[in-house]
Amino acid sequence: MIALPFDWFRTRRYLARNERETCVCGCRRRDITDSIWRVTNKTEDLIYPEFMYRCRECESFSAVNLYFPIEKYMEHPLESMFIDEKKETLNSERLAWINSMSKLSNKAVLYDLGAGEGCFSHIFADNFPDGKVFSVEADKKVESKFYGKRSNVYFIPEYILPFLKDRAARGDCADLMVLTDVMEHVVDPEDMISAMAKALAPSGLVYITVPNAHTFQDPVPRHVPRRQLDWRRANRTCQHLWLLTPHMVESLVAKAFEILAVSDFETQIRQDSVYTTILARKR
């Protein structure tokens, strides 16, 4: 008779949806189930899962249940969405930093991926009136409140990957892509990076920022013995599927792009998490 771990049946009962076998570094996630960490003490937090695996190889965290509940995300009430002064300051700083590192053409084409309220899209459009902006956002309800006031901003109510693949197939490529606070939501960050590279013009730029594995401080994250893992809670769907280490984010981006600079100014301005922020160019 094959000897099974004492909690094998409990694990199988709560098998996660959209499960993937590996961490982004290639380490098998099925082999790291004794590296379970509690990353938040908030049992009802819809952003961060309560329990995550921590990879022994790259030290990144991944949710036990790698499934992003887009329906719940899109239930966020429109009246609670707004663009405040901090968002305008942040996005102005983003654009200024990008342009200082590599001068953009006056007719540059921007793909703002996961654009949300479109604050970056609109600031870019105001600074580059001869350019074009494609604001890609699956939550169509934001269009009525935040878009339609600038003739060079086009709202695209689509998911990011199908949009990028369609654009690449047609040869309609961007000069700049912005992916802010998106990579942590997708099951396959590698696919996202690859699709971005294929839909980017030669020498085009990408700006990526993502909350990283250093965003939490004591008393969490903390290691949890496997016998203490609450599978019901671990298998809940939350918005953040990954907390990647800065090194891992850079490694993913470097597979398709030449990294020009890494900055911590997002962390300094926002002060709500620790971010990895990268500007890179298509090789």
Side-chain angles (χ1 to χ4, degrees), residues 17-18 42 44-49 63 65-92 94-95 109-129 131-168 170 172 174 176-189 191-192 195-196 199 206-211 236-242 266 269-270 272-273 275:
R17 290 172 289 179
N18 282 10
K42 299 178 181 178
E44 298 303 319
D45 192 336
L46 296 178
I47 303 297
Y48 293 102
N65 186 352
L66 283 174
Y67 173 77
F68 180 72
I70 187 66
E71 297 84 4
K72 290 186 178 297
Y73 172 75
M74 293 169 68
E75 288 174 1
H76 194 56
L78 181 61
E79 57 269 20
S80 68
M81 299 182 188
F82 60 94
I83 298 176
D84 60 8
E85 185 176 338
K86 180 176 280 191
K87 286 182 181 178
E88 291 187 344
T89 299
L90 173 63
N91 284 287
S92 294
R94 285 170 169 169
L95 181 57
V109 175
L110 165 69
Y111 291 171
D112 189 356
L113 306 175
E117 302 98 329
C119 189
F120 186 90
S121 293
H122 298 142
I123 287 173
F124 183 94
D126 291 342
N127 282 271
F128 293 87
K132 286 185 178 180
V133 179
F134 294 87
S135 304
V136 185
E137 173 55 54
D139 192 354
K140 192 179 187 305
K141 69 174 179 289
V142 301
E143 181 179 12
S144 61
K145 182 175 181 179
F146 298 104
Y147 294 88
K149 299 177 182 178
R150 293 166 177 82
S151 61
N152 59 339
V153 176
Y154 303 89
F155 182 78
I156 310 294
E158 296 180 15
Y159 294 108
I160 296 171
L161 279 177
F163 168 81
L164 290 176
K165 290 177 180 179
D166 176 67
R167 291 283 160 165
R170 293 193 293 171
D172 295 336
L176 170 65
M177 291 187 192
V178 175
L179 189 77
T180 57
D181 301 349
V182 173
M183 192 186 297
E184 66 272 23
H185 300 300
V186 300
V187 176
D188 295 297
D191 287 353
M192 182 71 72
M196 290 171 69
V206 294
Y207 177 91
I208 299 172
T209 187
V210 57
R236 288 176 63 246
T237 55
C238 291
Q239 292 182 19
H240 286 203
L241 306 181
W242 300 95
E266 291 246 356
I269 294 175
R270 298 167 75 170
D272 59 347
S273 291
Y275 295 89

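- Side-chain atoms of Tyr147 and His122, non-hydrogen and from C-beta on, do get closer than 4.5 Å to each other.
- Contact annotation: the side chain of Arg167 approaches that of Tyr111 to within less than 4.5 Å [non-hydrogen atoms, C-beta and beyond].
- Contact between Gln239 and Phe68 at its shortest, heavy atoms only, is O-CD1, 3.3 Å.
- Atom CD1 of residue Ile156 and atom CD of residue Glu143 lie 9.0 Å apart, to the nearest 0.5 angstrom.
- Between Ser135 and Val153, the closest side-chain pair of non-hydrogen atoms falls below 4.5 Å.
- Remark: side-chain polar atoms of Lys87 are paired, donor with acceptor, to backbone N or O of Phe82 under 3.5 angstrom.
- With rounding to the nearest 0.5 angstrom, the CZ atom of Arg236 is 8.0 Å from the CG atom of Asp45.
- Minimum interatomic distance between Ala199 and Met177 (heavy atoms only, all atoms of both residues): O-CE, 3.1 Å.
- When atom types are taken as modelled, the side chain of Lys42 and the backbone of Ile47 share no donor-acceptor pair closer than 3.5 angstrom.
- Closest of all the heavy-atom pairs between Val186 and Met192 is CG1-CE, 3.6 Å.
- Aromatic ring orientation, Tyr154 versus Phe134: parallel (interplanar angle below 30°, classes split at 30° and 60°).
- Residues Ala115 and Glu137 approach most closely at N-OE1, 3.5 Å, considering heavy atoms.
- Nearest heavy atom pair, residue Ala195 against residue Leu161, reads CB-CD2, 3.6 Å.
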Start with the C-alpha gap between Phe146 and Met81, add the side-chain angles, then the distance that decides, and say whether side chain to side chain contact (heavy atoms under 4.5 Å, CB included) holds. CA-CA 9 Å; Phe146 298 104; Met81 299 182 188; 3.8 Å; yes
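- Heavy-atom contacts from other residues, nucleotides or ligands closer than 6.0 Å to NZ of Lys141 number more than 12.
- The CD1 atom of Ile269 lies 9.5 Å from the NZ atom of Lys86; values are rounded to the nearest 0.5 Å.
- Using modelled atom types, one side-chain atom of Glu184 and one backbone atom of Val182 make a donor-acceptor pair closer than 3.5 Å.
- Sparse packing is recorded around NZ of Lys165, with 12 or fewer heavy atoms of other residues, nucleotides or ligands lying under 6.0 Å away.
- Annotation: cation-pi pair Lys140/Phe155 absent, no NZ/CZ under 6.0 Å from the ring centroid and within 45° of its normal.
- Between the side chain of Asp166 and the backbone N or O of Pro162 there is no donor-acceptor pair closer than 3.5 Å.
- Within the 4.5 Å cutoff, side-chain heavy atoms of Leu95 are placed close to those of Phe128.
- The two atoms that bring Met196 and Leu113 nearest to each other are CG-CD1, 4.1 Å, heavy atoms only.
- With a 4.5 Å cut-off on side-chain heavy atoms, His76 and Leu46 do not count as touching.
- Taking CG of Asp139 as the start and CD1 of Ile70 as the end, the distance is 7.5 Å to the nearest 0.5 Å.
- If you take SG on Cys119 and CZ on Phe124, they are separated by 14.0 Å, rounding to the nearest 0.5 Å.
- Annotation: cation-pi geometry not satisfied between Arg94 and Tyr207 (NZ/CZ under 6.0 angstrom from ring centroid, within 45° of ring axis).
- A heavy-atom distance below 4.5 Å is found between the side chains of Phe120 and Leu110.
- Rounding to the nearest 0.5 angstrom, the gap separating the CG atom in Asp112 from the CD1 atom in Ile123 is 10.5 Å.
- With contacts defined as side-chain heavy-atom distances shorter than 4.5 Å, the pair Glu266/Leu90 qualifies.
- Taking the charged nitrogens against the carboxylate oxygens, Arg270 and Asp181 do have a contact shorter than 4.0 Å, which makes a salt bridge.
- Side-chain contact between Thr180 and Asn91: absent, with no pair of heavy atoms (C-beta onward) separated by less than 4.5 Å.
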